[in-house]
Trainee: 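The structure's right below; bear with me while I get my questions together.
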Amino acid sequence: MDPITLGAIVALVTIVVLFSGVSVAAGLLIVAALFMVIFDGVGALELLPEIFFAKLNNFALLSIPMFIIMGAAIASTRAGADLYEALERWLTRVPGGLVISNLGACALFAAMSGSSPATCAAIGKMGIPEMRKRGYPDGVAAGSIAAGGTLGILIPPSVTMIVYGIATETSIGRLFLAGVFPGLLLVGLFMAWSIYSTWASGNAELALARVRYTMREKLEVLPRVAPFIVIILGVLYALYGGVATPSETAAVGALLCVLVAVVLYRLWSFTALWTVLRDSTRESVMILFIIGAAGVFSYMLSFLFITQEIAAWIGSLDVNRWTLMLAINVFLLVSGFFLPPVAVILMAAPILLPIITNAGFDPYWFAVVLTINMEIGLISPPVGLNLYVINGIAPDIRLKTILWGSLPYVGCMVVAIVILSIFPGLATWLPEVVIGP
Amino acid sequence: MSQSSAGHPSANPQKRHPVSRVIGMLSTVSGVSAALMIVTAVALTCQMIWIRFVLNGSTIWQTEAVIYLMIGATLLGLPYVQKLRGHVNVDLLALVLPPRGRRVLALVTLALTIAVIAAMAFYGFEMWAIAFERGWTSDTVWGVKLWIPYLAMPVGFGLYLLQLCADLIDVLTGADDPLAAGHGAAAEESA
């Protein structure tokens, strides 16, 4: 059987298995084992544990649990609320202050956490009720937080970017830097839409409303957010100043965030600390299991020559590189609708990367485009995780309202991808300046 | 994708078979060990940075030890995360099936998972046994005996296999309802 037909069969079987409700990691192992046994006999199974172990035998993977602990420690405190309050008090002169502060707080929180649902939950708990109280439409209140939360995987540190770096053997430091300006671009687009739609829904006054705060009120919130700002700056300095690798930086960041949570936010109790540790362990194990299993899965694909043949086949197609990019985007978008970002990246990135670079695209720029596609999946049905997080925070807003509220932000993300395609420098400029070409 | 919230892994925990309860406890012990391994990895990494950047010394074994601790944590964490229903899954197929079909589908996926994890545990054990018999060491300055990190393979996958069997017992005895499990999305999940 030629590898392309075989590839189609593997793809079909994978889809059926993954949609059956089996855990994603086990599903990948099942498909890999099945095809290895069919084409190479039962003896081939002997290799699987070795490949699994070898995939996890990578120091860079340490950064995943570390950044998760960092985010979990901060999320266990009222730091999200403090951040949001500080921004709100300082940004009152800006039109539409409240929704702007919420999105700004999402962006800042994203700079401390690598996870979207965590960002969503931390800012939304405080932000959504406050926005509704002041009369913002439910759709804007829910949609802006759902979309703002997705910044967690674009603005560094980002678990998604680490996984991409590991899957494609690209520099994680560079990937982080590549996400900075596109992240800010998205924040800007989100803010613009929020103000416009609040204004358009007949709340012109609210969109432009200003609540006055005294200087004293402005100053008193600063000490509460200062430690986290210091940690962010410290992590950034260590990462890009060449002091330490991402894994080492993440470990120190994790320790500092736990210390800040314990000392400043009085998170003394053993139960509270255990909750942070247990949740981080659960999340890390889940991701690392997928990484190991996806390693076995991609071994099977290249063992059957599927990876190589698909790359050669697409290379032989005489299509415009932008048509190719459009097709890849549609593929990623559809995958992102159904599968968790980590799984999409691990399965698709090793196959797509040679195709992308052959077509003359920058792998770091592509990482950003891929991540924005995954962000869209996080706020779209049927499995958009952030939608359910919002639903958990504000159960009285109907899922349908959250969905319609999020839709325009999906539009913002598509616009961001178009802007990035026209100005790829937005992603590639910063890494070149900081790290060099 | 769905994950039920932690702490409510089962529909009706009182009705659980004693065997499945004992296995559940083993999984928790395994999970706590995994968490402690992660904490140790954080501490070791910080110690390593301290030696390198503050004392200007060199480190020999820390990086490798941290990697093995992470692998150990991943494998020992598997049964516990299974118990917490923390392995992310996509259950679109189940949503379009009638209740009877869903139950059959749940049993089939569980059986397939058991089969593949049993293979991983078995061949993981062989991998460990060969490294142990032949006294393999890693080709680094530290040269640690490889059977020590390899031990995580048979133990982790073995306990994961037990937890999957416990889940199967729960489904068969009706202590766990596969139709109800895993349909709520939890707040915490990494993107």
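A, B, ... follow the sequence lines: proteins, then strands. Residue 1 opens every chain. This is a predicted model, so every value here is computed, not measured.
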Trainee: Checking heavy atoms, do the side chain of B/Phe122, its backbone, both or neither come under 4.5 Å from chain A?
Mentor: neither
Trainee: Tell me, for B/Ala35 versus chain A, whether the close heavy atoms (under 4.5 Å) come from the side chain, the backbone, both or neither.
Mentor: both
Trainee: Which heavy atom in B/Gly124 sits nearest to a heavy atom in A/Pro49, and how many Å separate them?
Mentor: N-CG, 3.5 Å
Trainee: Taking the ring centre of each residue, are B/Phe157 and A/Phe52 less than 6.0 Å apart?
Mentor: yes
Trainee: Which heavy-atom pair separates A/Pro340 from B/Val90 by the least distance, and what is that distance?
Mentor: CD-CG2, 4.4 Å
Trainee: Would you mind checking which part of B/Leu110 comes under 4.5 Å of any heavy atom in chain A, side chain (CB onward), backbone (N, CA, C, O), both or neither?
Mentor: neither
Trainee: Below 30° counts as parallel, above 60° as perpendicular, anything between as tilted: where do the rings of B/Tyr160 and A/Phe289 land?
Mentor: perpendicular
Trainee: Pick one of side chain, backbone, both or neither for A/Ile290, based on which atoms fall under 4.5 Å of a heavy atom in chain B.
Mentor: side chain
Trainee: Say you draw a straight line from CD of A/Glu50 to CE of B/Met153; how long is it, rounded to the nearest 0.5 Å?
Mentor: 8.5 Å
Trainee: At a heavy-atom separation under 4.5 Å, does A/Asn58 approach chain B through its side chain, its backbone, both, or neither?
Mentor: backbone
Trainee: Report which part of B/Val32 has an atom under 4.5 Å of a heavy atom belonging to chain A: side chain, backbone, both, or neither.
Mentor: both
Trainee: With a 4.5 angstrom heavy-atom cut-off, could you sort out which part of A/Val42 is near chain B: side chain, backbone, both or neither?
Mentor: both
Trainee: Surrounding CZ of B/Phe125 (heavy atoms of other residues, nucleotides or ligands, distance under 6.0 Å), is the total greater than 12?
Mentor: no
Trainee: My understanding is that only residues two or more places apart in sequence, or in another chain, count here; which of them pass side-chain hydrogen bond (donor to acceptor under 3.5 Å, both in side chains) with B/Ser27?
Mentor: B/Gln163
Trainee: Please report the interatomic distance CG(A/Asn57) to CE(B/Met70), rounded to the nearest 0.5 Å.
Mentor: 12.5 Å
Trainee: Pick one of side chain, backbone, both or neither for B/Leu105, based on which atoms fall under 4.5 Å of a heavy atom in chain A.
Mentor: side chain
Trainee: Less than 4.5 Å to any heavy atom of chain A: does that hold for the side chain of B/Leu92, its backbone, both, or neither?
Mentor: both
Trainee: So which atom in A/Ser20 and which in B/Thr109 form the shortest heavy-atom distance, rounded to 0.1 Å?
Mentor: OG-CG2, 3.1 Å
Trainee: Looking at A/Met286 and B/Val88, what are the two nearest heavy atoms and their distance?
Mentor: SD-CG1, 3.4 Å
Trainee: What part of B/Met120 gets closer than 4.5 Å to chain A, counting heavy atoms only: side chain, backbone, both or neither?
Mentor: both
Trainee: By a 4.5 Å heavy-atom criterion (distance strictly below it), what part of B/Met48 contacts chain A: side chain, backbone, both, or neither?
Mentor: side chain
Trainee: Using non-hydrogen atoms and a 4.5 Å limit, figure out which bit of A/Leu45 sits close to chain B: side chain, backbone, both or neither.
Mentor: both
Trainee: In terms of heavy-atom contacts, does CH2 of A/Trp274 have more than 12 from other residues, nucleotides or ligands at under 6.0 Å?
Mentor: yes
Trainee: Looking at chain A, which one of B/Leu75, B/Thr74, B/Ile38, B/Thr63 has the largest number of heavy-atom pairs inside 4.5 Å, strictly under?
Mentor: B/Thr74
Trainee: Working to the nearest 0.5 angstrom, can you tell me the gap between A/Ser23 OG and B/Leu78 CG?
Mentor: 9.0 Å
Trainee: Considering only heavy atoms from C-beta outward, does the side chain of A/Phe19 approach that of B/Val96 to under 4.5 Å?
Mentor: no
Trainee: Just verifying a value: how many Å separate B/Glu126 CD and A/Glu46 CD, rounded to the nearest 0.5 Å?
Mentor: 6.0 Å
Trainee: Pick from A/Leu387, A/Asn391, A/Val285: which one has the most heavy-atom pairs with chain B under 4.5 Å?
Mentor: A/Val285
Trainee: Would you check if B/Thr113 and A/Ile30 make a side-chain contact, meaning some heavy-atom pair closer than 4.5 Å?
Mentor: yes
Trainee: When rounded to the nearest 0.5 angstrom, what is the spacing between CD1 in B/Ile67 and CG in A/Leu61?
Mentor: 8.5 Å
Trainee: Which answer fits A/Ile69, side chain, backbone, both or neither, if we ask what part of it has an atom under 4.5 Å from a heavy atom of chain B?
Mentor: side chain
Trainee: Which heavy atom of A/Ala251 sits nearest a heavy atom of B/Val42, and at what distance?
Mentor: O-CG1, 3.9 Å
Trainee: Does some side-chain heavy atom of A/Leu48 sit less than 4.5 Å from a side-chain heavy atom of B/Tyr123?
Mentor: no
Trainee: Report the distance from atom CD1 of A/Ile15 to atom CG of B/Leu93, rounding to the nearest 0.5 Å.
Mentor: 11.5 Å
Trainee: Of the non-hydrogen atoms in B/Asn89 and A/Gly21, which two are nearest, and what is the gap between them?
Mentor: ND2-O, 2.8 Å
